[in-house]
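The structure appears right after this line, and notes come after that.
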Amino acid sequence: KWADADAANRVCAIGNQQSPIDIGDTVKAQLPPLKIIWDKHTDTIVNDGHTIQVNIAESSILSLGDTYYRLLQFHFHHPSEHSIGGKRFAMEVHFVHANAANALAVVGVLMIGGKANAVFSKVVSTMPGQEGPPVKADPAIDPAGLLPVKRAYYRYSGSLTTPPCSETVDWLVLADPITVADDDVARFAKVFPMNARPVQKLNRRFVLQSA
């Protein structure tokens, strides 16, 4: 109902490259490796009423072929927004990057219950429980600690998953999930029981899969 609520969100309803999607059939492709050079610390953490978002200082970089993007922030969805073969996951974290032309590249990491992840545990133990202004993030929150060891990924053209749903996102969804403690998922879910957009139609798009 986003488009009904505000005409500025019209693309949420009429766009044909909306996200998230269910990743089913893929096309194997020689995609460039993801070169991730992120600082080991973060700037601020905020409960914005929609998610928990961690903001980053200016020197964290994603290199994708010849294009460089700066990491702006990362945030969480419960349950996952993307699904694979119809399967949704416990949660998903989105690392939002922008290049010099303000085009976006978002790295999505799926999260399943299991062994605790120290960084996610630190996020949920320090996250603001109520909506409010940003506060200083715990220095132990290292963004790279939320990445799997392997960096194989799916790539497709899509959109923001929240209004205004702009179709300006190069999506890079990692194939391997990370594990996080079930208790930590439950703690996040107490604050945000459901903040994931349903999957959208693929339409005429292809999903590429790195070798």
Requested in this report: Apply side chain to side chain contact (heavy atoms under 4.5 Å, CB included) to Thr162 and His50, showing your working.
Outcome: CA-CA 9 Å; Thr162 54; His50 305 287; 5.9 Å; no
Report task. Let me see the working for Val207 and Leu202 under side chain to side chain contact (heavy atoms under 4.5 Å, CB included), right down to the final yes or no. Result -> CA-CA 9 Å; Val207 178; Leu202 188 61; 4.1 Å; yes
Query raised in the report: Can you list the steps and then say if Gln17 with Asn203 is a side chain to side chain contact (heavy atoms under 4.5 Å, CB included)?
Result: CA-CA 7 Å; Gln17 292 193 347; Asn203 294 321; over 6 Å; no
Report task. Would you check, one step at a time, whether the test side chain to side chain contact (heavy atoms under 4.5 Å, CB included) holds for Asp184 with Arg187? Result -> CA-CA 5 Å; Asp184 288 337; Arg187 290 164 75 184; 3.3 Å; yes
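Atom NE2 of His97 and atom CD1 of Ile56 lie 8.5 Å apart (nearest 0.5 Å). Considering CG of Leu62 and CH2 of Trp38, their distance stands at 7.5 Å, rounded to 0.5 Å. Separation of atoms CD1 (Ile23) and CD1 (Ile21) is listed at 5.5 Å; rounding is to 0.5 Å. Ile112 CD1 to Asp176 CG: the interatomic distance, rounded to the nearest 0.5 Å, is 9.5 Å. Rounding to the nearest 0.5 Å gives a distance of 12.0 Å between CD1 of Ile37 and CG of Leu71. Interatomic distance, Leu31 CG to Gln209 CD, rounded to the nearest 0.5 Å: 9.0 Å.
Note: Phe120 and Phe76 meet the aromatic proximity criterion, with ring centroids under 6.0 Å apart.
Checked by atom type and distance alone, the side chain of Gln73 never pairs as donor or acceptor with a backbone atom of Val96 at under 3.5 Å. Formation of a donor-acceptor pair under 3.5 Å by the Asn117 side chain with backbone atoms of Val119 is found in this model. Not one N or O on the side chain of Glu92 forms a donor-acceptor pair closer than 3.5 Å with the backbone of Gly108.
Counting heavy atoms from C-beta outward, Leu174 and Leu34 have side chains that approach closer than 4.5 Å. Considering only heavy atoms from C-beta on, Ser80 comes within 4.5 Å of Arg88 through its side chain. Residues Leu172 and Leu64 have side chains in contact (heavy-atom distance under 4.5 Å, counting atoms from C-beta outward). Side chains of Pro148 and Val109 form a contact here, defined as non-hydrogen atoms less than 4.5 Å apart. At a threshold of 4.5 Å between non-hydrogen side-chain atoms, the residues Lys136 and Asp43 count as touching. Under the 4.5 Å side-chain criterion, counting only non-hydrogen atoms from C-beta, Thr67 is not in contact with Asp170. Residues Pro143 and Thr42 meet the side-chain proximity criterion, which asks for heavy atoms closer than 4.5 Å. Put simply, the side chain of Asn47 reaches to within 4.5 Å of the side chain of Phe192, judged on heavy atoms.
By the 6.0 Å contact criterion, CG on Asp25 is open, its count of non-hydrogen atoms from other residues, nucleotides or ligands being 12 or less. Counted within 6.0 Å of OH on Tyr68, heavy atoms from surrounding residues, nucleotides or ligands total 12 or fewer; the atom is thus considered open. Other residues, nucleotides and ligands contribute over 12 non-hydrogen atoms within 6.0 Å of the CZ atom of Arg205.
For the pair Ala116 and Ser121, the tightest heavy-atom approach, listed with the atom from each and the gap, is CB-OG, 4.3 Å. The minimum heavy-atom distance linking Ala196 with Pro79 is given by the pair CB-O, 3.2 Å. Closest of all the heavy-atom pairs between Thr51 and Asp48 is N-OD1, 2.9 Å. The minimum heavy-atom distance linking Asp22 with Gly85 is given by the pair OD1-N, 3.4 Å. Residues Ala90 and Gly113 approach most closely at CB-N, 4.4 Å, considering heavy atoms. Across every non-hydrogen atom of Gln18 and Cys12, the tightest pair is OE1-CA, 3.7 Å.
In the hydrophobic clustering of this structure, Phe74 groups with Met91; members are Ile, Leu, Val, Met, Phe, Trp, Tyr whose side-chain heavy atoms approach within less than 4.5 Å, directly or through other members. Taking hydrophobic clusters as Ile, Leu, Val, Met, Phe, Trp and Tyr residues chained together by side-chain heavy-atom distances below 4.5 Å, Ile178 does not share a cluster with Phe89. Note on Tyr154 and Trp171: same hydrophobic cluster, where clusters join Ile, Leu, Val, Met, Phe, Trp and Tyr whose side-chain heavy atoms are under 4.5 Å apart, directly or indirectly. Residues Val135 and Leu72 do not share a hydrophobic cluster, clusters being chains of Ile/Leu/Val/Met/Phe/Trp/Tyr side chains in contact below 4.5 Å. No path of Ile, Leu, Val, Met, Phe, Trp and Tyr side chains, each step under 4.5 Å between heavy atoms, connects Ile61 with Val169, placing them in separate hydrophobic clusters.
Taking the six-membered ring where tryptophan is involved, the planes of His77 and His75 are perpendicular, since the angle between them exceeds 60° and thus also 30°.
Screening Arg197, His94, Glu81 for a side chain to side chain donor-acceptor pair (under 3.5 Å) involving Thr161 leaves a single residue, Glu81.
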